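Inspection log for the structure reproduced underneath, given as structure tokens.
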Amino acid sequence: MFLAGIVFDITEKKKMLESLESSNRMLEKLSKTDGLTGLVNHRALFEQLDVERIESQELGTPLSIALLDLDDFKSINDIYGHLAGDSVLVSIARILVENTRDCDTVGRYGGDEFLVILKNADIALACTLFEKILALVRQVPVGENNHVSMSVGICEYQGENLTEYIVHGDRNLYKAKILGKNQIACFA
């Protein structure tokens, strides 16, 4: 009896496939991450907010968002330079991550704006949480004798679509600005 066969060494092919899969995972993470702060980016925030909004509606659990905008951020860049501005943004990102809950999502909304998705949080809890965060932000130094200030608009999900929900939060942020900046606006 005679046997014949062909043997293929797939070691190299398997290594290449594993490397490709690793690169794809890294690219996916990079596509959802803000390069400066390491937070989730605008696109990933909207994807997560839509998931949380639908879950809140299905389970009947509260959901709040906080839109944050650094007051007069352009003047920080103009007076102290863009590296100082970047440093402020990184400091704010750190404060947000360290002072929100594990179930919350913190992201960079754009420029000097951040958005925090507060899962299972009604407006009262969200406002309480951000009073503490705002106090910490006020301690972030800029230059020798100045500190950062930030306005915050908070709203609780009321069944509206994603765009209406963001607009509601943005209106509250605008109210905080109109009321004198460096404060929180929590209106239903």
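Keep in mind that what you see is a predicted model, and the values were worked out from it rather than measured.
- Residues L96 and L68 meet the side-chain proximity criterion, which asks for heavy atoms closer than 4.5 Å.
- I54 and Y157 end up in different hydrophobic clusters when Ile, Leu, Val, Met, Phe, Trp and Tyr side chains are linked at under 4.5 Å.
- Side-chain N/O atoms of N41 and R108 include no donor and acceptor closer than 3.5 Å.
- One hydrophobic cluster, built from ILVMFWY side chains closer than 4.5 Å, holds both V148 and L134.
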query: How far apart are the C-alpha atoms of I133 and T100, what are their side-chain angles, what is the distance that settles it, and do they pass the side-chain contact (heavy atoms from CB on, under 4.5 Å) test?
result: CA-CA 9 Å; I133 289 172; T100 52; 3.9 Å; yes
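- Other residues, nucleotides and ligands contribute only 12 or fewer heavy atoms inside 6.0 Å of the CZ atom of R171.
- Atom OG1 of T105 sits about 12.0 Å away from atom CD of E47, to the nearest 0.5 Å.
- A 4.5 Å side-chain heavy-atom check between V142 and H147 finds every atom pair outside the cut-off.
- Going from atom CD1 of I65 over to atom CD1 of I154 covers 10.0 Å, rounded to the nearest 0.5 Å.
- Formation of a donor-acceptor pair under 3.5 Å by the E160 side chain with backbone atoms of Q158 is found in this model.
- In I178, the CD1 atom is crowded: over 12 heavy atoms of neighbouring residues, nucleotides or ligands sit closer than 6.0 Å.
- Side-chain atoms of R94 and V90, non-hydrogen and from C-beta on, never get closer than 4.5 Å to each other.
- How far CG of D34 is from CG of L89: 8.5 Å, rounded to the nearest 0.5 Å.
- The shortest distance between side-chain heavy atoms of Q183 and V152 does not fall below 4.5 Å.
- Side-chain atoms of N99 come within 3.5 Å of backbone N or O of I95 as a donor-acceptor pair.
- One distance of note links CG of D122 with OG1 of T61; it measures 11.0 Å at 0.5 Å rounding.
- Between L67 and E113, the closest side-chain pair of non-hydrogen atoms is not below 4.5 Å.
- Residues forming a ring-ring contact (aromatic ring centres under 6.0 Å, His included) with F114 (at least two apart in sequence, or on another chain): none.
- Placement of L36 and V88 within a single hydrophobic cluster is found when ILVMFWY residues are connected by side-chain heavy-atom separations under 4.5 Å, directly or transitively.
- Not a single donor-acceptor pair under 3.5 Å links the side chain of S64 to the backbone N or O of L118.
- Counting only heavy atoms from C-beta outward, the side chains of V137 and S149 never approach each other to under 4.5 Å.
- The list of ring-ring contact (aromatic ring centres under 6.0 Å, His included) pairs with a residue in residues 59-96, not counting sequence neighbours, is empty.
- For the pair D112 and K74, the salt-bridge criterion is not met [side-chain N within less than 4.0 Å of a carboxylate O].
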task: Take C127 and C186, measure what disulfide bond (SG atoms under 2.5 Å apart) needs, and give me the verdict at the end.
output: CA-CA 7 Å; C127 290; C186 299; 1.7 Å; yes
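- Each of I92 and L173 belongs to its own hydrophobic cluster when Ile, Leu, Val, Met, Phe, Trp and Tyr are linked at side-chain heavy-atom distances under 4.5 angstrom.
- Taking CE of M150 as the reference point, atom CG of D72 lies at 13.5 Å (rounded to 0.5 Å).
- In summary, the side chains of D78 and S75 do not present any donor paired with an acceptor at a separation below 3.5 Å, with no hydrogens or angles considered.
- Annotation: ring-ring contact (aromatic ring centres under 6.0 Å, His included) contacts of H42 (sequence neighbours excluded): F46, Y109.
- The shortest distance between side-chain heavy atoms of N120 and L63 does not fall below 4.5 Å.
- The nearest pair of heavy atoms linking V140 to S91 is CG1-CB, 4.1 Å.
- A donor-acceptor pair is defined here as one N or O able to donate and one able to accept, closer than 3.5 Å; no such pair exists between the side chain of T33 and the backbone of G35.
- Between V106 and I117 there is no side-chain heavy-atom pair separated by less than 4.5 Å.
- Ion pairing between a basic and an acidic side chain is recognised when a charged N comes within 4.0 Å of a carboxylate O; K181 and D71 show no such pairing.
- Salt bridge annotation for K119-D104: absent, with no cationic side-chain nitrogen under 4.0 angstrom from a carboxylate oxygen.
- A donor-acceptor pair is defined here as one N or O able to donate and one able to accept, closer than 3.5 Å; such a pair exists between the side chain of E164 and the backbone of N161.
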task: Please report the C-alpha distance between I166 and L115 in whole Å, then the side-chain angles of each, then the deciding distance to 0.1 Å, and finally whether the side-chain contact (heavy atoms from CB on, under 4.5 Å) criterion is met.
output: CA-CA 10 Å; I166 293 290; L115 184 134; 3.8 Å; yes
field: side-chain contact (heavy atoms from CB on, under 4.5 Å) between V40 and Q48, intermediate numbers included
entry: CA-CA 10 Å; V40 295; Q48 186 64 33; over 6 Å; no
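- Note on V116 and V97: same hydrophobic cluster, where clusters join Ile, Leu, Val, Met, Phe, Trp and Tyr whose side-chain heavy atoms are under 4.5 Å apart, directly or indirectly.
- Listed here is the closest heavy atom pair of A93 and L39: CB-CD1, 3.6 Å.
- Atom NE2 of residue H168 and atom CG of residue D170 lie 11.0 Å apart, to the nearest 0.5 angstrom.
- Between the S56 side chain and the E52 main chain, no donor and acceptor come within less than 3.5 Å of each other.
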